[in-house]
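Just so you know, ligand 1 is whichever comes first in the structure, and atom 1 is the first atom listed for that ligand. For the numbers below, each heavy atom of this structure counts, side chains included, while hydrogens, waters and symmetry mates do not.
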Amino acid sequence: MASVTQEAVLAALSKIQDPDLHRDIVSLGFVQNLTIADSTVAFDVVLTTPACPVKDQMRDEATRLVSAIPGVSSVKINMTSNVTKGRSQVRENYIPQVKNTIAVSSGKGGVGKTTVSVNLAVALAQSGATVGLMDADMYGPNVPMMMGVKHPQEGSAENKIKPAERYGVKIMSIGFFVPEDQPIVWRGPMIHGAIQQFLRDVEWGELDYLIVDLPPGTGDAQLSIAQLVPMTGAVIVTTPQEVALLDSRKGLEMFKKVNVPLLGIVENMSYFVCPHCSKTTEIFSRGGGEKAAEKLDVPFLGAVPIDPAIRQGGDEGRPIVIANPDSPQAKAFVAIAGKIAQQVSILNAAAPIELKIIQ
Ligand SMILES: Nc1ncnc2c1ncn2[C@@H]1O[C@H](COP(=O)(O)OP(=O)(O)OP(=O)(O)O)[C@@H](O)[C@H]1O
Ligand SMILES: [Mg+2]
């Protein structure tokens, strides 16, 4: 029987297109460590994110195509990833070992930014990525409660703070350092200083993704953070009411000012699933978020239902993706995390962007 050649395997694999990057996986360099021993073919497929939504589909297709080559009796594929680095720049990058920083923002308060941030961070970590979560909401730091942590870790090197670690995510919040239930009075420069410390003095280590939970609104505080943290992109969280008012447009304009690309819109508290009969009720008109995203020309990342279990998970420090990973609510967050990782990969494969500094 004719022996199997590398060329035949690569030719078969080059029929697989990456749906986002619009090129085949061989020319993208995703196929690595190809070995052929008798009739057994083994190789790695190195994706740009472990959270890739089409990972399983790609593995199945690769298996099918290579198995069809005459002389191949078994195919061993190792699906792995090497997260690409964001190209955003700031005047001084305090966290060069962080590949991508993703801001989670909203025009108004209480729409679910922190809920989205924690579930997104945990879902990405569950996919196998190294993830950090920075609570940049100095006025209402809710990350400690929602992740069920109160203190940073002890035993760090001098002048450095070791982030807390929970559910595979490294966490830093001002809430670790101030008494609970006490309003904090901040002046602008203090916030700037605190954020700077969170970047410079925290031992984040190497991260694929750092999620930044921003304070609500589109004012100076948000703008200053967006210029201090090297943002790969931003996610805007809205609710159907907000979408109706097109409040998300303000957020969009803010990020445009500082050249931070929009990764897309998440519509939270979008619909209601009856816990008794599983019937879905559209409390507001259907598809608002999707339509708004289309109008604003940004990707729609997904909708999350309003659900008491999501609130309870937040109150108890067990995000729904941990508390009930098989629930449709958790799956909605996992799908959104995959979409966001996908958008980051697409951005990182595109041309570099230039940072505008607003004084
Ligand atoms: N999909 C949801 N279903 C049910 N409750 C939710 C959902 N999303 C968020 N909540 C609840 O709504 C409240 C506000 O959510 P969250 O704190 O995440 O919003 P936020 O935008 O971060 O608010 P803030 O502007 O105050 O920081 C919380 O009690 C949270 O548990
Ligand atoms: Mg919040």
Side-chain angles (χ1 to χ4, degrees), residues 102-123 133-149 169 171-176 178 180-184 186 191 194-195 198 211-219 221-222 225 234-243 245 247-248 250-251 254 265-275 278 280-284 288-289 301-325 327-337:
I102 301 167
V104 178
S105 76
S106 69
K108 273 200 301 200
V111 299
K113 261 181 324 301
T114 309
T115 304
V116 168
S117 298
V118 299
N119 281 288
L120 168 63
V122 175
L133 173 58
M134 184 170 123
D135 190 350
D137 189 345
M138 299 296 168
Y139 297 98
N142 289 137
V143 166
M145 178 191 74
M146 290 203 193
M147 288 294 271
V149 280
V169 175
I171 306 153
M172 187 47 63
S173 170
I174 198 73
F176 294 160
V178 295
E180 271 177 81
D181 305 324
Q182 265 187 36
I184 315 165
W186 292 94
I191 294 187
I195 298 288
F198 277 7
I211 310 302
V212 182
D213 182 13
L214 287 181
T218 51
Q222 294 77 11
I225 298 168
V235 171
I236 293 185
V237 181
T238 76
T239 60
Q241 303 99 301
E242 229 207 344
V243 159
L245 299 171
D247 255 15
S248 37
K250 278 193 210 148
M254 176 182 86
I265 291 180
V266 173
E267 186 176 294
N268 188 30
M269 308 196 220
S270 174
Y271 55 95
F272 175 71
V273 185
C274 175
S278 301
T280 295
T281 308
E282 308 283 343
I283 302 168
F284 303 95
L301 300 167
V304 178
I306 184 161
D307 186 284
I310 294 177
R311 186 197 48 75
Q312 200 182 344
D315 290 352
E316 291 173 357
R318 282 172 60 76
I320 190 91
V321 291
I322 290 287
N324 195 353
S327 63
Q329 294 85 335
K331 284 182 179 155
F333 281 116
V334 170
I336 288 167

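Contacts of Pro305 with ligand 1, taken as heavy-atom pairs under 4.0 Å, involve the backbone alone. Counting heavy atoms under 4.0 Å from ligand 1, residue Asp137 touches it through the side chain alone. With a 4.0 Å cut-off on non-hydrogen atoms, Lys108 does not touch ligand 1 at all.
At least one donor-acceptor pair under 3.5 Å links the side chain of Gln222 to the backbone N or O of Pro216.
Between Asp307 and Phe272 there is no side-chain heavy-atom pair separated by less than 4.5 Å.
Atom CE of Met138 and atom CG of Leu214 lie 10.0 Å apart (nearest 0.5 Å).
The two residues Val321 and Phe333 have their closest heavy-atom pair at CG1-CB, 3.8 Å.
For atom 28 (C) of ligand 1, the nearest protein heavy atom lies 4.0 Å or farther away. Distance remark: protein heavy atom not present below 4.0 angstrom from atom 13 (C) of ligand 1.
Each protein N/O/S atom under 2.8 Å from the Mg ion (ligand 2) was counted, for a total of 1.
Closest to atom 6 (C) of ligand 1 by heavy atom, among Ile310, Ile320, Val237, is Ile310.
For Gln329, the heavy-atom gap to ligand 1 stays at 4.0 angstrom or more.
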